[in-house]
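Note that the structure is a prediction, hence the values are computed from the model and not measured.
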Amino acid sequence: MMSTPSATAVDYCASRFQAVRRVSSVVTVGGVGIGGHHPLRVQSMTTTNTQDIAATVRQTLALAEAGCEIVRITAPNKKAAAALGAIAKEVRAAKCEVPLVADIHFLPAAAMEAAKHVDKVRINPGNYADKKKFAVQEYSDAAYNEELERLYESVSPIICRCKELGRAMRIGTNHGSLSDRIMNRYGDTPLGMVESALEFIRIAESHGYRNLCLSMKASNPKVMIEAYRLAVARMQQEDMHYPLHLGVTEAGDGEDARVKSAIGIGSLLNDGLGDTLRVSLTEDPIYEIPVARDLADKAMALWQQRPAPYPESKDSIDPYQFKRRQARVLELGPQCRIGGDAAPAVIVKAAEPLSDAAGIIQAVCQTQTQLKESRLEGLQVAIDHTDDLQAFSGLHEALHSVVQCFILELGAAIDLSDLERYTWPDGMAGITLLQTVAAEDAYYAAQLLHFCREHGFNLALDCSAQALREAVGAQLQPMGTAGLVLCCRRPDDDSHAVGHYRALQAVSQSYLPDVPIWLRNTAANTLAPRDFFSDRLIEASILSGALLCDGIGDAISIETEPRLDKGTSLAYNILQGARARISKTEFVACPSCGRTLFDLQSVTQTIRARTDHLKGVTIAIMGCIVNGPGEMADADFGYVGGAPGKINLYVGKDCVAYNVPANEALDRLIELIQAHGKWVEPT
């Protein structure tokens, strides 16, 4: 069996330093083209009961009016699949030509019926012809080949029907519903996800059917990113070029879901991957559209740019297997260290100038009171004039017992002589000087590093990969990396900040291989900034999330958000979304559909209200069993719809309570958490 490609064996994208769109084959869904040079298509899914034809038609039309270009509708049984015929007729009668997709799990008969009425059929290779019972079984090659023959017989009918009727098909692999056969051969891995889809694609190609796209969804953005990259690499090995449908499944609701979706989808779009996308929210699906549209628009704008090529051709990151980049330990303050095995630190920039010290103090105290566990660790302030240095003395005296470290961002008017004349305050908080350094300032950078070491400070150099390569790296290399941090901002050359940070990491391996890297979310590092929070969230999640999922990043700062509390909260949410630092309860919640057996939105909010103080605990909330058991394996506890008004409760992948009345289920869930020693009382 094929193993995971190495970092050097197969390129999954044209460049990891600039966004060059992957050119895929074109799939036609109704009158909409996906792939090739077509624009990114935005999708969503109805949440109504499919057999409630009027409600499903209303929601489909509302989604189309909001800008949804393809609408998916679940068909959990043959009656629901037949109802798609009436739904399609009414949607077309309303002069709406949005393509319709049938979502199929478990029942080939439902797929065969649905194909008569819709433009595209989505099947899940994990449960279409296989089962998942978490059975452990060793397969010989002969036994495995027998299973593939059985799979061929089961899948061929829907492929032939789609070919006959001119329907498109999505092979939609979900990390949470890999079959026992795949799990026993490949494990619960991105490779297993990819091979599950490739088995179906090979069967389709044997029938001369190629109107296919595929997806590799997971609730963990790291797993999802690796799976899509691996899918492209494996397709290239087999001369396949099918378009990709991007999405993070079971992302949940609110800010957390938007962060996770932007991390997973945005990372791949920066790699040039993706042809259509859906942002899955446990909310009214109408709210998915603007988030997806923003991600698509930013990617399309990026792909149209043609920056100069990077001197680097490859970096040292293995894109198929996560491994955190190793950096030396650096003490930012007495209680804040980065590098080594320390979780990335959170730095937030004060929006107020130092002349308004009272405003900064108020914002810091308010943030510390509101966020409780998500502490503000590093406070960044601007030092533009020598007067600001004097004002910093008072700020340090007021906050040194609250803020763990201060980062002084030195403006162009501040030089080394100003720093030498200043009487630095005593106290417990650490101090890091931050200054932008160009290639021609390499000698100054060395002097500044020497000054910092003499005073027990750290130095953060905002330095491009080009400057580090041309002069700064050679100047600093003999001095070593003690007390040094690197960061960079996107130059004004139409490229993207993710690529610049990857290049900085690649060049640093030659000169300063173990220096910590600070991920700065600044206005300069945004692609197309707009002045509202949701856009700042997307921009920061893409930049920091993509790099954290690459294993790059020892500190993170949100410098675009004027409110200190929101900037701090967003930084922690990005770290949690990228699984780089856990600071609160992790919720894995499906977005709801016509299969859902309870009101997911209200139930999710109720569970969150009772349990969101459980740091490090993962709770999965699933409307039905399609992905429920699989996602339970990645969660500590699960709350899954088992029947109308009944809930099944899980510990890990094991169902420990069946058909619990819905009005008792949350209390029973909390009892389970208590019984397993993971409950703490909220403060």
Side-chain angles (χ1 to χ4, degrees), residues 6-8 11-19 222 225-226 229 263 266-267 270-271 307 309-330 338-345 347 434 436-437 439 445 458-477 480-481 484-491 493 495-522 524-525 540 542-557 574-575 578 580:
S6 70
T8 56
D11 292 325
Y12 71 93
C13 65
S15 171
R16 281 177 47 83
F17 305 111
Q18 45 191 148
K222 277 185 189 174
I225 290 167
E226 291 172 16
R229 290 173 174 172
I263 289 173
S267 299
N270 269 281
D271 286 339
Y310 272 92
E312 290 76 38
S313 60
K314 286 187 180 295
D315 57 10
S316 59
I317 302 297
D318 185 340
Y320 310 114
Q321 295 181 350
F322 174 81
K323 182 180 180 182
R324 187 175 177 188
R325 174 184 176 272
Q326 292 301 302
R328 69 177 299 152
V329 174
L330 182 64
I338 61 174
D341 60 357
I347 299 167
L434 164 65
T436 302
V437 174
N458 298 308
L459 175 62
L461 286 184
D462 193 319
C463 178
S464 69
Q466 181 178 355
L468 189 66
R469 184 195 316 107
E470 291 179 354
V472 177
Q475 188 72 47
L476 295 182
Q477 189 175 31
T481 58
L484 184 63
V485 183
L486 286 178
C487 52
C488 70
R489 66 185 68 193
R490 179 175 66 91
D493 65 354
S495 54
H496 63 94
V498 173
H500 285 284
Y501 264 102
R502 286 172 173 169
L504 183 74
Q505 185 276 145
V507 177
S508 73
Q509 294 301 105
S510 300
Y511 295 101
L512 307 164
D514 63 349
V515 65
I517 292 180
W518 167 13
L519 309 180
R520 295 184 66 194
N521 292 278
T522 64
N525 279 341
I542 293 174
L543 170 59
S544 293
L547 294 165
L548 289 165
C549 289
D550 270 354
I552 301 170
D554 303 286
I556 173 177
S557 63
I574 292 171
L575 289 170

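A donor-acceptor pair under 3.5 Å links the side-chain atoms of Gln477 to the main chain of Ser510, judged by distance alone. Judged purely by atom type and a 3.5 angstrom limit, Asn458 has no side-chain atom pairing as donor or acceptor with the backbone of Leu484. Under the 3.5 Å distance criterion, the side-chain polar atoms of Thr522 are matched with a main-chain donor or acceptor of Asn525. Remark: side-chain polar atoms of Tyr501 are paired, donor with acceptor, to backbone N or O of Arg520 under 3.5 angstrom. Using a distance-only test at 3.5 Å, with no hydrogens or angles considered, a donor-acceptor pair links the side chain of Asn270 to the main chain of Gly266.
The shortest distance between side-chain heavy atoms of Ile225 and Phe322 does not fall below 4.5 Å. At least one side-chain heavy atom of Trp518 sits under 4.5 Å from a side-chain heavy atom of Leu434. Side-chain contact between Leu476 and Leu461 is present, with heavy atoms from C-beta onward closer than 4.5 Å. Here the side chains of Leu548 and Ile263 are not in contact, with every heavy-atom distance at 4.5 Å or above.
With a 6.0 Å radius and a threshold of 12 heavy atoms from other residues, nucleotides or ligands, Gln466 has its CD atom at or below the threshold.
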Run the side-chain contact (heavy atoms from CB on, under 4.5 Å) check on Leu547 and Ile517 step by step: do they pass? CA-CA 10 Å; Leu547 294 165; Ile517 292 180; over 6 Å; no
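A side-chain hydrogen bond (donor to acceptor under 3.5 Å, both in side chains) with Arg16 is found for exactly one of Asp11, Asp271, Asp550, namely Asp550.
Electrostatic pairing of Arg324 and Asp554 counts as a salt bridge here, judged by a charged N lying under 4.0 Å from a carboxylate O.
Once rounded to the nearest 0.5 Å, the distance linking CD of Gln505 with CG of Leu512 reads 12.0 Å.
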